[in-house]
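Presented below is the structure to which this report refers.
Scope of the values below: all heavy atoms of this structure, side chains included, with no hydrogens, waters or symmetry mates. All residue numbers in this chain count up from 1 along the given sequence.
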Amino acid sequence: MPEHSAIVGASAAGVSAAIALRSHGYEGRITVVDRDPHPPYERPPLSKPAAGTLRPIVPPSRFRELDIELRLGSEVSGVDPVYRTLHLGADGSLKIDSLLLSTGVAARRLTVPGSDLAHVLVLRDASDAAVLADRLLADGPLVVVGAGFIGLEIAARAREKGLDVTVVEIGSRPLRTLDEGIGLRLLELHEERGVRFALGRTVRRFEGVDAVQEVVLDDGTRLPAATVVVGVGVEPRTELAREIGVRTDRQGIVVDTCGRTDVPWVYAAGDVASQPHPDLVTGRGRIEHWDVALKHGAAVGATMAGHPTAFTETPYVWSDQFGRTFQMFGRPHPTDELVMRGAATPDSYLGFWLRDDIVVAVCGFGRPREVGAARRLIQLPAGAHRDALADDGSELRALIRTMTRGSGPQSHREEGVRTT
């Protein structure tokens, strides 16, 4: 009887792993299970201006070509780790040989009075996005709780539709985990376009009759609200892992560099994985980026097919706001030094994070070509080139040639393990 590999979660990581399994010669049965009834779709567009039509991760025909079975609209109700069986409730059960958990993360909800009122929303999947799209067509103000990437994208999208928007943020600036200069430029960008901010504030309660009408802050401020979107972080979906007895930590499902858990037949990939990675200088953790999920899933799929592969590529994240794109390669630490290039403005800038005089990350807003080129500087010593990094008059490509001259590529390869 052929082997059977199951993947729980038709996410970027899950789909990428399934395809990698086949491309690395796995001839057994592959089943992808997801409670979402929609064919696997890209999640980043859900918060962006183009939201509306779901964009498939791969054409649906690709699953048929690779003989990958999709069990959509099915939720795993339980798992028997002794007999390696997934129970799908009314949809029966699956006897499996190996299991990949790409269950992702769930939106963290506020537990304050009134949080169950209608029109208090979160955004994680297609059904959430459909509700939000309807609410953005409604009259009345929008309050966004949380000034992370998703909160800022929703705020920008709503302002472009003419809505009154207020963002409530516990920190002193948006994207408070990044450098102050980045957060303040994003703050200025949004304020110039009419978004109001309540910084250093938290939500005390939501008020309304059946549906939300006001947001009451911790200082007593009352914000009128026809719709509220809560974007205050996520929680890893580790329930199945814990049921099986797989080790988890506060970050997610604990895996090694190749996506293997401490249970030999169970793997994890994507947002739910607590992984070691060269860019996570403070230890293992989650990297919640779409590009990372695709590549981590592919690496873990190769490992499941018998080709151990470590994911070590530089993380990449992007965010579309007011017609321009913020991009970042690498994972800067709060203690890293940010060197901004030239006369940075709220809608155009390029920056480099340095750690011990080494470029560890780059970012830019509205400058995609330069960010793409600048990523080549990561892991190179800035040293004598520090002034040139900051000088907009210094031609970037010439600077890259100078800095890379005589510098071999940095490698995080492990003995006996392929890297991606």
For the student: nearest non-hydrogen atoms of R71 and E69, plus distance: CD-OE2, 3.2 Å

Check: D97 and W265 side chains under 4.5 Å, non-hydrogen atoms: no

Cation-pi, F322 ring and R193 (6.0 angstrom, 45 degrees): yes

R247, CZ: over 12 other non-hydrogen atoms inside 6.0 angstrom: no

Sub-4.5 Å side-chain heavy-atom contact between F326 and I182: yes

H289/Y316 aromatic ring centres below 6.0 Å: no

Salt bridge flag under 4.0 Å for residues D164 and R196: yes

Worked verdict on E192 versus D347 for side-chain contact (heavy atoms from CB on, under 4.5 Å): CA-CA 10 Å; E192 285 178 350; D347 58 3; 5.9 Å; no

Backbone N/O of S274 and side chain of R286: donor-acceptor pair under 3.5 Å: no

For A158 against L142, the heavy-atom pair lying closest together: CB-CD2, 3.5 Å

Sidechain-backbone polar pair: S16 side chain, L294 backbone, donor-acceptor under 3.5 Å: yes

Side chains of T309 and H307, donor plus acceptor under 3.5 Å: no

Note, W290 side chain near P44 side chain (heavy atom, < 4.5 Å): yes

Exceeds 12 heavy-atom contacts within 6.0 angstrom, atom CD of E191: yes

Student check: side-chain heavy atoms of R84 and H4 closer than 4.5 Å: no

Close side-chain approach of V168 to F197, heavy-atom, < 4.5 Å: no

V112 backbone acceptor or donor facing S115 side chain under 3.5 Å: yes

Residue pair D392, R367: steps toward the salt bridge (charged side-chain N to carboxylate O under 4.0 Å, His left out) verdict: CA-CA 12 Å; D392 245 339; R367 298 170 78 164; 3.1 Å; yes

Min side-chain heavy-atom separation Y267-L101 under 4.5 Å: no

CG-CZ distance between D67 and R22, expressed to the nearest 0.5 angstrom: 5.0 Å

S98 and S5 side chains, donor-acceptor separation under 3.5 Å: yes

Atom pair CG (L350) and CD (E370), whose distance is rounded to the nearest 0.5 Å: 5.5 Å

Between CD on residue E243 and CG on residue D80, distance to nearest 0.5 Å: 9.0 Å

CG/D116: more than 12 non-hydrogen atoms of other groups inside 6.0 Å: yes

H296 side chain to E313 side chain, donor-acceptor N/O pair below 3.5 angstrom: no

Heavy-atom pair with the smallest gap, counting every atom of T314 and G330: CG2-N, 3.2 Å

Verdict with reasoning, R260 to D256, per salt bridge (charged side-chain N to carboxylate O under 4.0 Å, His left out): CA-CA 5 Å; R260 296 171 290 217; D256 67 9; 2.7 Å; yes

Check against salt bridge (charged side-chain N to carboxylate O under 4.0 Å, His left out), R62 and E65: CA-CA 5 Å; R62 186 69 172 146; E65 292 169 1; 3.4 Å; yes

Any donor-acceptor N or O pair under 3.5 Å, side chains Y41, D125: no

Result of checking V266, T261, D262 against V255 for side chain to side chain contact (heavy atoms under 4.5 Å, CB included): T261

Beyond-backbone contact of R386 with D357, side-chain heavy atoms, under 4.5 angstrom: yes

Residue of the set L377, V360, L338 for which side chain to side chain contact (heavy atoms under 4.5 Å, CB included) holds with F352: L377

Smallest separation among heavy atoms of D271 and A293, with atom names: OD1-CB, 4.5 Å

Exercise: do R135 and T227 side chains pair donor with acceptor under 3.5 Å: yes

Validation row: F311, T257 side chains within 4.5 angstrom (heavy atoms): no

Polar side chain donor-acceptor pair, S77 to E75, under 3.5 angstrom: no

I170, CD1 atom: more than 12 neighbouring heavy atoms under 6.0 Å: no

Name of the residue among V215, D219, L223 meeting side chain to side chain contact (heavy atoms under 4.5 Å, CB included) with R201: D219

